[in-house]
Amino acid sequence: VEDNELNQEVASELLRGEGFVVDIAGHGGIALEMLAAADYDLVLMDMQMPVMDGLAATRAIRAQQRLAALPVVAMTANAMAGDREKCLEAGMNDHVAKPIEPRDLW
């Protein structure tokens, strides 16, 4: 879930190169629609996006029993310790800082 087209391209190429099937949502509201329509194994979530940010989207994901165990990982330029804590408090499982270091993501 990423609003920046360049970041979408970089992340999707990285993931597809490792064999992942990737769908992209431009903001949290789109992600919720996609999660309602299909099953996913993992959500990589940016924090700051228009319409619905990653924290609000993650809270909405966690409010749905069907999605309660779905791994949600922040993938964000917000790399301060306080930002990581905000992600975890919203229900994310982990936090990966941008620019993405593939070994950290794996």
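Atom set for the values below is all heavy atoms of this structure, side chains included, hydrogens, waters and symmetry mates excluded.
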Do Arg59 and Asp53 meet the salt-bridge criterion of a basic N to acidic O distance under 4.0 Å? no
Minimum heavy-atom separation for [X] and [Y], please, with both atom names.
X     : Y     : answer
Ala25 : Ile30 : CB-CG2, 3.7 Å
Met45 : Ala57 : CE-CB, 3.8 Å
Leu55 : Lys86 : CD2-O, 3.6 Å
Ala60 : Leu32 : CB-CD1, 3.7 Å
Asp3  : Gln48 : OD1-O, 3.5 Å
Met47 : Cys87 : SD-SG, 3.4 Å

Are [Y] and [X] connected in a single hydrophobic cluster, I mean Ile/Leu/Val/Met/Phe/Trp/Tyr linked by side-chain heavy atoms less than 4.5 Å apart?
X      : Y     : answer
Trp106 : Met75 : yes
Val96  : Leu88 : no
Val10  : Phe20 : no

Surrounding CD of Glu18 (heavy atoms of other residues, nucleotides or ligands, distance under 6.0 Å), is the total greater than 12? yes
Would you say that [X] contacts [Y] through its side chain, given a criterion of any heavy-atom pair below 4.5 Å between the two side chains?
X     : Y     : value
Tyr40 : Asp23 : yes
Val73 : Leu42 : yes
Leu44 : Val1  : no

Please check: side-chain N/O of Gln8 versus main-chain N/O of Glu2, any donor-acceptor pairing under 3.5 Å? yes
When you measure from the side chain of Arg84 to the backbone N and O of His95, does any donor-acceptor pair fall under 3.5 Å? no
Among Asn93, Leu67, Leu70, the one residue meeting side-chain contact (heavy atoms from CB on, under 4.5 Å) with Val43: Leu70
